Participant: 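Quick one: the structure is below, questions incoming.
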Amino acid sequence: MYSCRNEPQEALLKLAIRVLILCLFVSSPGGAQTQDTLYTDRPLFTSGDAWLAGGFVAASAIAAPLDEWMMKELQVESRQANRFLQKTATAARVWGNPGTLVAGGGLYLMGTATGNRRMQDLGLHSSGAVILANVVTVGMKMVAGRTRPYVDSTDARDFQLLRGLRDGDYRSFPSGHSTAAFAFASVVTAETSHWWPGARWPVGILTYGTAALTGASRIYNHDHWATDVVVGAAVGTITGLKLFRYQHSHPDNRIDNTFLRAGLQSTGGKWNVLLSVAPR
């Protein structure tokens with residue numbers, strides 16, 4: 001009998017391979033820059049950030065009245081029984097966690113092994129953004145104490161201060177998977193645009209589109225409300241962009257000085273991992 005059991009994992013693998021291929025292409029020597037142009041002097045916060053934050057606030061305000069309606073629509077039996085939607089939701093969920101960290105870590109290790117600075121940079125910063133954004137999200141979950149829809153799908157406004165500390169059923173706000181997916185998307189898009197300006201739209205459509213699917217999967221799987229996804233997207237996107245901007249305007253930051261000078265060295269047939277804590 002034919003089994004679809006491994007298809008979600010295969011779909012995730014294909015997606016990860018496509019992202020890696022695209023990143024490898026962007027990291028090719030064709031547009032190589034000198035060490036002096038690796039970093040750019042720009043302020044950490046700009047007026048554009050206020051517009052971005054305002055856009056997310058507006059999106060949250062629009063989504064809030066639709067929380068219960070959207071949940072009800074996606075829980076319709078025919079949609080829940082749809083094999084394509086099931087497989088897509090599973091693949092998108094796994095991409096959010098742990099897929100983004102696996103992809104970021106894989107890029108960093110490949111860049112370290114091959115001496116490819118761009119790939120190493122991309123892997124380090126994307127992984128860092130996912131971790132940092134998730135720390136912020138976990139803190140918000142604990143404080144907000146919002147009820148997950150699978151506990152009660154009739155009351156999207158059920159928040160209770162600090163209730164999330166004691167029970168995972170009350171850690172709905174915001175969505176951690178969405179946070180991770182959008183953090184990865186924001187850094188990958190920003191980094192590849194930094195090296196190859198023409199990559200902004202194709203890379204952005206791929207990464208942010210995948211992140212949007214991850215967010216939708218959390219509603220489909222009855223784990224989060226729409227506003228959880230929107231706020232998770234906001235946390236991930238803003239955290240990723242701020243980390244990218246900080247790293248590229250502070251060339252002497254400790255993390256880059258240590259891990260972007262890492263590499264592999266062969267001595268007597270043995271491979272050793274090198275880290276540097278010396279100033280650049």
Side-chain angles (χ1 to χ4, degrees), residues 11-53 55-56 92 95-96 99-130 133 178 180-215 233-234 236-251 253 256 259-260:
L12 174 64
L13 178 60
K14 290 178 182 178
L15 176 61
I17 290 172
R18 287 170 186 164
V19 172
L20 291 176
I21 289 174
L22 182 58
C23 292
L24 284 168
F25 175 72
V26 173
S27 302
S28 64
Q33 301 184 35
T34 64
Q35 181 72 23
D36 291 337
T37 61
L38 289 174
Y39 294 91
T40 56
D41 185 15
R42 64 177 71 180
L44 185 59
F45 296 97
T46 67
S47 59
D49 298 323
W51 284 103
L52 178 62
F56 277 117
W95 170 250
T100 51
L101 275 178
V102 171
L107 285 169
Y108 176 75
L109 291 176
M110 285 193 290
T112 299
T114 60
N116 189 320
R117 169 59 188 267
R118 295 187 187 183
M119 192 187 303
Q120 195 182 40
D121 185 289
L122 185 62
L124 178 65
H125 293 162
S126 61
S127 299
V130 170
S178 301
F182 278 90
F184 184 88
S186 63
V187 170
V188 169
T189 302
E191 289 283 359
T192 51
S193 298
H194 178 68
W195 294 114
W196 179 37
R200 179 179 180 181
W201 285 106
V203 173
I205 290 172
L206 174 64
T207 57
Y208 280 107
T210 304
L213 283 176
T214 298
T237 300
I238 293 173
T239 301
L241 291 177
K242 294 305 102 183
L243 184 143
F244 163 79
R245 192 170 295 169
Y246 177 81
Q247 300 283 53
H248 282 274
S249 60
H250 293 76
N253 72 81
D256 280 10
F259 293 100
L260 290 185

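All figures in this text were calculated on a predicted structure; none of them were measured in a lab.
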Participant: What distance do Arg245 atom CZ and His194 atom NE2 have between them, rounded to the nearest 0.5 Å?
Facilitator: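 Arg245 atom CZ to His194 atom NE2 measures 12.5 Å (nearest 0.5 Å).
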Participant: Hey, are the side chains of Met110 and Asn116 touching, using non-hydrogen atoms and a 4.5 Å cut-off?
Facilitator: no
Participant: Donor-acceptor pair, distance only, cut-off 3.5 Å: does the side chain of Thr239 make one with the backbone of Gly236?
Facilitator: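 Here the side-chain-to-backbone pair does not exist.
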Participant: If I compare all heavy atoms of Gly215 with all of Ser178, which pair ends up nearest, and what's the gap?
Facilitator: CA-OG, 3.3 Å
Participant: Testing the basics here: between Met119 and Gly111, what is the closest heavy-atom pair and its distance to 0.1 Å?
Facilitator: SD-N, 3.5 Å
Participant: State, to 0.1 Å, how close Ala183 and Ala129 come at their nearest heavy-atom pair, and which atoms those are.
Facilitator: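 So the two residues come closest at CB-O, 3.8 Å.
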Participant: Decide side-chain contact (heavy atoms from CB on, under 4.5 Å) for Glu191 and His248; before the verdict, give the C-alpha distance in whole Å, the side-chain angles of both, and the deciding distance to 0.1 Å.
Facilitator: CA-CA 10 Å; Glu191 289 283 359; His248 282 274; 3.0 Å; yes
Participant: Pick out which of Thr112, Asp121, Leu124 makes a side chain to side chain contact (heavy atoms under 4.5 Å, CB included) with Phe259.
Facilitator: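 Result for side chain to side chain contact (heavy atoms under 4.5 Å, CB included) with Phe259: Leu124.
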Participant: Using side-chain hydrogen bond (donor to acceptor under 3.5 Å, both in side chains) as the criterion, point out the one residue from Thr100, Thr192, Thr189 that pairs with Thr207.
Facilitator: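 Result for side-chain hydrogen bond (donor to acceptor under 3.5 Å, both in side chains) with Thr207: Thr189.
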Participant: Run Lys242 and Phe45 through side-chain contact (heavy atoms from CB on, under 4.5 Å) and show every step you take.
Facilitator: CA-CA 8 Å; Lys242 294 305 102 183; Phe45 296 97; 3.7 Å; yes
Participant: May I ask you to check whether Asp256 and His125 show a side-chain donor-acceptor distance below 3.5 Å?
Facilitator: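 Note: Asp256 and His125 side chains meet the donor-acceptor criterion.
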Participant: Are Leu52 and Leu241 close enough, and set up right, to give a side-chain contact (heavy atoms from CB on, under 4.5 Å), and what steps lead you there?
Facilitator: CA-CA 11 Å; Leu52 178 62; Leu241 291 177; 3.8 Å; yes
Participant: Could you list the residues that satisfy ring pair (Phe, Tyr, Trp, His ring centres under 6.0 Å) with Tyr246, not counting sequence neighbours?
Facilitator: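 With sequence neighbours excluded, Tyr246 shows a ring pair (Phe, Tyr, Trp, His ring centres under 6.0 Å) to His250, given in chain and number order.
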Participant: Which distance, rounded to the nearest 0.5 Å, do you find between the CG of Leu101 and the OG of Ser126?
Facilitator: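 Going from CG on Leu101 over to OG on Ser126, the span is 8.5 Å.
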Participant: Look up atom OG1 in Thr210 and atom CD1 in Ile205, then write down how far apart they are to the nearest 0.5 Å.
Facilitator: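 Answer for the OG1-CD1 pair, Thr210 versus Ile205, is 11.0 Å.
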Participant: Between Ser186 and Thr237, do the side chains contain an N or O donor and an N or O acceptor separated by less than 3.5 Å?
Facilitator: no
Participant: Mind listing the closest non-hydrogen atom pair of Ala212 and Phe182 along with its distance?
Facilitator: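 Heavy atoms of Ala212 and Phe182 come nearest at N-CZ, 3.8 Å.
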